[in-house]
Amino acid sequence: LHHHDPLSFPITENIYLRTAIVQLSNSIAHVLGYGNFEGSVDYSSELPERFKLVGIKEDEQEKLLERIRTTVTEQAGAFLH
């Protein structure tokens with residue numbers, strides 16, 4: 001199982017939940033611009049489904065993205081430039 005393999009509901013086994021978390025993390029990193037290179041895939045269309053797979057509600061998604069962006073900027077900003 002690879003972090004780019006498709007997953008679907010319901011996630012009933014731990015390995016699939018763990019993979020879904022890695023997929024979400026990968027998509028978030030790319031959407032926030034970490035690890036993006038010119039010509040990289042746009043993962044923003046995948047985010048809603050990836051959030052849903054791990055149980056993060058729609059009204060919490062934008063707040064979580066902003067919290068991640070802020071945390072990375074505060075804690076790792078010096079290493080990202």
Side-chain angles (χ1 to χ4, degrees):
L1 191 58
H2 188 266
H3 77 280
H4 287 289
D5 289 345
L7 297 174
S8 59
F9 268 123
I11 294 179
T12 57
E13 297 178 40
N14 270 342
I15 187 68
Y16 292 108
L17 178 57
R18 291 177 186 155
T19 302
I21 291 168
V22 170
Q23 288 179 344
L24 175 60
S25 300
N26 180 66
S27 295
I28 289 171
H30 282 282
V31 166
L32 294 181
Y34 310 121
N36 268 2
F37 301 99
E38 191 172 324
S40 287
V41 175
D42 179 7
Y43 288 90
S44 58
S45 64
E46 296 179 2
L47 272 181
E49 182 65 20
R50 299 224 190 270
F51 278 123
K52 184 178 174 184
L53 283 170
V54 299
I56 297 173
K57 297 176 185 166
E58 191 173 339
D59 62 338
E60 298 171 342
Q61 296 173 10
E62 200 57 44
K63 288 184 271 186
L64 179 59
L65 284 174
E66 189 53 42
R67 205 161 120 203
I68 292 168
R69 178 181 285 118
T70 300
T71 301
V72 169
T73 301
E74 289 173 354
Q75 296 184 7
F79 299 103
L80 296 174
H81 301 286

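Bear in mind the structure is a predicted one, so any value in this text is a computation, not a measurement.
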- Message: Using 0.5 Å steps for rounding, measure from the CD atom of Glu46 to the CG atom of Asn26.
- Response: 8.5 Å
- All heavy atoms of Tyr43 vs all of Val31, minimum pair found to be C-CG2, 3.7 Å
- Note on the structure: CG of Leu17 to CG of Leu53, rounded to nearest 0.5 Å, is 9.5 Å
- Task: Considering only NZ, NE, NH1 and NH2 on the basic side and carboxylate oxygens on the acidic side, decide whether Arg69 and Glu66 come within less than 4.0 Å.
- Result: yes
- For Lys63 and Asp59 the tightest heavy-atom approach is CE-O, 3.3 Å
- One should read off an interatomic distance between Arg18 CZ and Gln23 CD, to the nearest 0.5 angstrom, of 14.5 Å
- Leu32 versus Ile68, closest heavy-atom pair with distance: CD1-CG2, 3.7 Å
- When rounded to the nearest 0.5 angstrom, what is the spacing between OG in Ser25 and CZ in Arg50? 10.5 Å
- Query: Can you check side chain to side chain contact (heavy atoms under 4.5 Å, CB included) on Leu65 and Glu62, steps first, answer last?
  - Reply: CA-CA 5 Å; Leu65 284 174; Glu62 200 57 44; 4.2 Å; yes
- Query: Distance from Gln61 atom CD to Lys52 atom NZ, nearest 0.5 Å?
  - Reply: 10.5 Å
- Rounded to the nearest 0.5 Å, what's the gap from CD1 on Ile56 to CD1 on Ile21? Could you check? 8.5 Å
